[in-house]
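All remarks here apply to the structure that follows.
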Amino acid sequence: MQTLVWLRSDLRLHDNPALAAAAAQGPVRAVFLAAPGQWRAHGDAPVKVDFWRRNVLALGRSLGELGIELHVLPVRDWSRAPQALAGFCASHGIGAVHVNVEWAINEQRRDQACEARLREAGIAFVRHHGGTLLPPGSVRTGKGDPYRVFTPYARACREILRAAPPAAVRAPKAQAPAREMAPLPASWPEAAPTLAALWPAGEAHAHERLRAFLDEGLARYHERRDLPALPGTSALSPYLACGVLSPAQCLRAALRANRGEIDSGQAGARAWITELLWREFYQHLLAAYPGLSMHRPMRPETAHLAWRDAPQDLAAWQSGRTGIPIVDAAQRQLLATGWMHNRLRMVSAMFLSKNLLIDWRLGEAWFMNHLVDGELAANNGGWQWSASTGADAVPYFRVFNPITQSRRFDPDAAFLRRWLPELAGLDDKAIHEPSAGERRAAGYPDAIVDLKASRLRAIEAYARLSPS
């Protein structure tokens, strides 16, 4: 009997528990299920789908060099996964299927249905943990509840990880002569436009970026990560989202650079480890609270907020024409690159949900529709943090002033000039908040909202809610 590894958001050879366990049992095959209907239902961005397609091809070549054949099975959506998987197992003599767990509700239900179908055929369905540093559910409060506040959660994680950091998992050895990967199904065509130059596929490129960040960016990460004009972040989020890199690989790399220290040592390394733990926190919340997968707020009383129905304001925000330069520059970066700087994700999200008082879920969906690194847990967590509807979210009365944020984090306006060329001729002070005459001369729109008045409107709307 052969074993099968079902690859999902774990498109890597190294540090892949499911792949390693399947290969250790004997001859192994690999499958990936291409589900365009499911991707559309999830609102996945074309640039993301294309990035995953290119990474599947890269992984298929790497597996082929080891004599492991990767099959891409076309399915309409996850409802067809049990039949497709059972049929493949029957025709290839598969005795066990190994997977790394995914935590979103649709994927949990998919796996339950697949396990039941395979059990009927006498095929084992074996789960592993390859997408998080610690298995969701394993880090709990003293009362046994999931953490809803980040700081004590992160403290508990650090204590566990300090004592037992995740061990590396070796890539499987070659099991047969090299094989060619079969062509991709026609239902998964190349998307346009592809941003292959910005986001090259494959483990080699991911690790090259990780090494470059460790060598050139980690030491000053705490100083530069909020400055959108600089390459101050790791830019590894797309590779983490599709599992070309594992969070454990990133943590081990940070620990090596920081002499094994997880909460002391270099300030840059400590700050990056904290960001890895924020990602982990949102994954754990997604597993503990299935309603997050259905875009429900963590704070139930905020479901009754009187959101504005303002399609013209929403369209202006989406297209980068709000008249607030830092918000518009951020949206134009997203549209052009499939990525937005994290500080600007917070600024943009808070502007939509508070200054415009538009339902955060519309912004969450817009980001997913355009982000190459779109990931439900992190995207939902970030939006609920900014909108003050989530776990350990910013207090509702805290509303970023985007002009202040722009002046603080882009003081010489290098980011604004890159993405708002019509304003490039203004001086470093005026460009953050152009006058009426400067706007007209540049063909730049008036601000669609008064920041002070809209801030008060948002605070009043939130204050009317009663905690349930």
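Here the structure is a predicted model, which means the values were calculated and not measured.
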Task: Sidechain N-carboxylate O distance under 4.0 Å for Asp263, Arg162 - done: yes

TODO: Identify whether the distance between the nearest side-chain nitrogen and carboxylate oxygen of Arg179 and Glu69 falls below 4.0 Å.
DONE: yes

[X]: side-chain hydrogen bond (donor to acceptor under 3.5 Å, both in side chains) partners, not counting sequence neighbours:
X      : answer
Arg170 : none
Thr404 : none
Asn258 : none
Arg8   : Asp111

Open item on the list: With no hydrogens and no angle check, just 3.5 Å: does a side-chain donor-acceptor pair link Thr274 and Arg158?
Closed with: yes

Open item on the list: Could you check whether Gln249 and His14, counting side-chain N and O atoms only, form a donor-acceptor pair closer than 3.5 Å?
Closed with: no

- [ ] Identify, with sequence neighbours excluded, every residue that meets salt bridge (Lys or Arg N to Asp or Glu O under 4.0 Å) alongside Asp373.
- [x] Arg345

Open item on the list: Within a 6.0 Å radius of atom CZ on Arg408, are there more than 12 heavy atoms belonging to other residues, nucleotides or ligands?
Closed with: no

Open item on the list: How about CZ on Arg418, more than 12 heavy atoms from neighbouring residues, nucleotides or ligands closer than 6.0 Å, or not?
Closed with: no

Open item on the list: Which label fits Trp278 and Phe150: parallel for a plane angle under 30°, tilted from 30 to 60°, or perpendicular past 60°?
Closed with: parallel

Open item on the list: Looking at every non-hydrogen atom in both residues, tell me the closest pair between Leu277 and Leu133 and how far apart they are.
Closed with: CD2-CD1, 4.1 Å

TODO: Write down the atom of Ile459, the atom of Tyr396, and the distance for their closest heavy-atom approach.
DONE: O-CE1, 3.7 Å

- [ ] May I ask you to check if Arg148 and Tyr289 form a cation-pi contact, with NZ or CZ under 6.0 angstrom from the six-membered ring centre and within 45° of the axis?
- [x] yes

Open item on the list: Would Lys354 pass as a cation-pi partner of Phe400, given that its NZ or CZ must be under 6.0 Å from the six-membered ring centre and within 45 degrees of the axis?
Closed with: no

- [ ] Measure the CH2-CG distance between Trp272 and Leu236 for me, rounded to the nearest 0.5 Å.
- [x] 6.0 Å

- [ ] Please test Asp145 against Lys143 for salt bridge (Lys or Arg N to Asp or Glu O under 4.0 Å), starting from the C-alpha separation and ending with a verdict.
- [x] CA-CA 6 Å; Asp145 299 322; Lys143 295 181 179 179; over 6 Å; no

Open item on the list: So, using side chain to side chain contact (heavy atoms under 4.5 Å, CB included) as the criterion, who are the partners of Gln108 when residues are at least two apart?
Closed with: Val101, Trp103

